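These notes concern the structure reproduced below.
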Number of protein chains: 2
Amino acid sequence: MPTTGGRNPVMSDVAKVAGVSHQTVSRVVNGHPNVREETVARVRHAISELGYHPNSTARALVTRRTNVLGALAVDTTLFGPSQTLAGIEQAAREAGYFLSIVSADDPSPDGVAEAMDHLVQQSVEGCVAIAPQRELVHALAALPGPRPLVAVEGGEGAGFPVAGVDQEQGARDAVRHLLDLGHRTVHHISGRSDWLEAEARVHGWREELRAAGRTVTEPLPGDWSPRSGYELGRRLAELRAEGEEVTAVFVANDQMAVGVLKALHEAGLGVPGDVSVVGFDDIPEAAYLTPALTTVAQDFTRVGTAALELLLGALDAPSADAPADRTVPAVLRVRDSSAPPPA
Amino acid sequence: MPTTGGRNPVMSDVAKVAGVSHQTVSRVVNGHPNVREETVARVRHAISELGYHPNSTARALVTRRTNVLGALAVDTTLFGPSQTLAGIEQAAREAGYFLSIVSADDPSPDGVAEAMDHLVQQSVEGCVAIAPQRELVHALAALPGPRPLVAVEGGEGAGFPVAGVDQEQGARDAVRHLLDLGHRTVHHISGRSDWLEAEARVHGWREELRAAGRTVTEPLPGDWSPRSGYELGRRLAELRAEGEEVTAVFVANDQMAVGVLKALHEAGLGVPGDVSVVGFDDIPEAAYLTPALTTVAQDFTRVGTAALELLLGALDAPSADAPADRTVPAVLRVRDSSAPPPA
DNA sequence: GGCAATAGTGTTAACGTTCACATGGCTCCC
DNA sequence: GGGAGCCATGTGAACGTTAACACTATTGCC
């Protein structure tokens, strides 16, 4: 049993054992065609005997390909981003890439710059950024960060391809559903105003109401948290107590919807008897809330996969052609929290 | 303005511009002390003029340090793992390491082997594995994967250090809280039986009841999902209808607790009036459920940080001394879903 | 004033791969 | 029978960095 004296075995060790040149070992390792079958076998044997595995660093140095992609993540405490990240990881691995992640808790230009610098230092070949905030997208576009870059939920016109769910269509579907049930208008509790998704949902909601010629109320500004949902749910109950017609509310995410349900319940309002509630995201708990929440599902895994496809496309064709975007449809899941308005 | 003709600038380009040797550039880049201040300035200027940044691959090749740590993640759809991952990432970055993640959707030996191989190929310097399942821990221990390795929530005796929350203490606190309220015994809805955390919570629950001399009922086996919580919640209601004394239930995670609340509500049982419910995890929604859920909070970020500290320790002192573990306390958060039993 | 230590810099050789090219030996075909 | 072409293999030079050592001034000290 040959050994390499404590040292990790390298190609020339294998070569010596197999009685060939290091180059032939390289050919075997990389599946090059023109190697005699018997030689391949001898090299393979030497490899397993020594426990050799190729040094990716040396390979990367000479090929100028690190095989590493970067991912910028924000707020992975939220359901969406963490799911998307999982989708990206899976797709990256399938494509034979490694994925290095860095999170920017802080969407300020400085925070993003630091995070991106971390990726550049690592010589990533490309990067996908989960960039739900307007400020972050701008910081990203201005920065000399890693390229190519694709964004998730980044909004158009940023100068790089974007993959995301059709937020506006999802919002319109939610509103249409409520109008179809007979509600005269739909209130809205919105997400953090600096998030593009929040904005798109507000826009979809408003446009669908406008198209139907309904009253458009002022959206109640939340911050995605259950707490803010709870507070705005109370506000909604107050409005109703003051005589405003509040029979349906479209809440910008499920976490806030949880808070809304609690607030309405505490105010003695039945859901969906008095008020219908529709959320967004379809978190795993949604179907098991009381009442089961009608919501708009986003296929985050598909978004992650789509983002990676865009990135791989950009890597294959480094031409500076117009960035094509990829949009995944949102789908409404009707459950028990929406019903016709009280008679 | 000097350029390098399309090529990425390398050290010798900087050296030429600054009128020094490449070695001096290296010294400046690495903050070596013995360089004249004026030279440093000249080199720095050349660096920014050329937009040079050091090639991490070449550096890694010669120093034999990749500066990359690996993380094996399972089921990042769950709240705990995704939070922990975020904690690990943050700690890794602060320590100057890159983090490469790989997820094993499949805890079988093959799936783990493949995931680990991916990390080995990348020459990670160490690895932290989020290994909540018994099978996974064993696969990990048997595998010739990356070393050093630390596990999160892996249970002891696996042969590598483990960081985790004190599940058993958390479970005992939950049970004690319910007993203190006056309940004669506490039922338990458990997590997936192949998860070590599930087992530890069952154990803590059982021991606390035993220590108090109370009846220990058969745990109802769930799978962490809201759906299973719902189904077992119905089962619980049935048991009660059949005359069994069911006044308190300790549910192994909050997601299942959501389902339990729904099932009890549908069965016409009040929480906490008829039945008290205590969860585990303290997901963001917990405080805004109806009623606000009493639960046991886990500080996942701290667990991630602790795991990374263990890993860094192992990297510094590669001696094969006994692996020390790190345990983070769980803390009970009393809210509205627990109260004294009905009179 | 001389000798050792030290600050500042340069030269050369690794690190472990892949790439480009060279070298034989063989087959094929006119 | 002799060159064109292919197969199987080897040789040497990259890739861009850091480590080791060598070298020259300068300083400190008796």
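Since we're looking at a predicted model, the values are computed, not measured. The figures that follow rest on heavy atoms only: side chains count, while hydrogens, waters and symmetry mates do not. Proteins get letters first, then strands, A, B, ... in listed order; numbering begins at 1 in each.
Along DNA chain C, the nucleotide closest to Asn55(A) and the one closest to Val40(B) are compared, and the more 5′ of them pairs with Val40(B). Heavy-atom distances to DNA chain D give each of Arg36(A) and Asn30(B) a nearest nucleotide, and the one nearer the 5′ end belongs to Arg36(A). Both Ser26(A) and Thr24(B) sit near DNA chain C, but only Thr24(B) has its closest nucleotide nearer the 5' end.
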Given Ser56(A) and Gln121(B), is the side chain to side chain donor-acceptor pair (under 3.5 Å) satisfied, shown in steps? CA-CA 7 Å; Ser56(A) 60; Gln121(B) 275 179 35; over 6 Å; no
Between Glu49(B) and Arg44(B), does a salt bridge (charged side-chain N to carboxylate O under 4.0 Å, His left out) hold up when you go through it step by step? CA-CA 8 Å; Glu49(B) 196 170 30; Arg44(B) 287 255 160 75; over 6 Å; no
Kindly indicate, with the supporting measurements, whether the criterion ring pair (Phe, Tyr, Trp, His ring centres under 6.0 Å) is fulfilled by Phe300(A) and Phe79(A). CA-CA 9 Å; Phe300(A) 293 109; Phe79(A) 180 68; 5.8 Å; yes
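The overall bend of the helix from dG1(C)-dC30(D) to dC30(C)-dG1(D), read as the angle between its terminal helix axes built from five base pairs each, is 40° when rounded to 10 degrees.
Atom CZ in Arg65(A) sits about 18 Å away from atom P in dT17(C), given to the nearest Å. Rounding to whole angstrom units, NE2 of residue His32(B) and C1' of dT6(C) are separated by 13 Å. The interatomic distance linking Met11(B) (CE) with dT9(C) (P) rounds to 15 Å, in whole Å. Computed from coordinates, the Glu37(B) CD to dG8(C) P distance equals 10 Å when rounded to whole Å. For the pair Arg64(B) CZ and dG16(C) C1', the computed distance is 9 Å after rounding to whole Å.
Environment of CD in Glu38(A): crowded, with over 12 heavy atoms of neighbouring residues, nucleotides or ligands closer than 6.0 Å. More than 12 heavy atoms of other residues, nucleotides or ligands lie within 6.0 Å of NE2 in His53(B), so this atom counts as buried by the packing criterion.
The line from CG of Asp117(A) to CG of Leu143(A) is 8.5 Å long, rounded to the nearest 0.5 Å. Atoms CZ and OG, on Arg64(A) and Ser123(A) in that order, are 11.5 Å from each other to the nearest 0.5 Å.
Heavy-atom distances under 4.0 Å link DNA chain C to Val20(B), Ser21(B), His22(B), Gln23(B) of residues 14-23 of chain B, given in residue order.
Although no hydrogens or angles enter the test, the distance criterion places a donor-acceptor pair under 3.5 Å between the side chain of Glu153(B) and the main chain of Val165(B).
Between the side chains of Ser100(B) and Gln122(B), at least one donor-acceptor pair of N or O atoms lies under 3.5 Å.
Contact footprint of chain A on DNA chain D: nucleotides with an atom under 4.0 Å from a non-hydrogen protein atom, first to last in 5' to 3' order, dA8(D) to dG16(D).
When heavy atoms are screened at a 4.0 angstrom cut-off, Asn34(B) is found touching base atoms of the nucleic acid. Arg27(A) comes within 4.0 angstrom of a base, heavy atoms only. Thr39(A) comes within contact range of the sugar-phosphate backbone alone, with a heavy-atom separation under 4.0 Å but no base atom that close.
In plain terms, the two heavy atoms of Thr66(A) and Ala60(A) that are nearest each other are CA-CB, 4.1 Å. Nearest heavy-atom pair, Leu196(B) versus Ala131(B), reported as atom, atom and distance to 0.1 Å: CD1-O, 4.2 Å.
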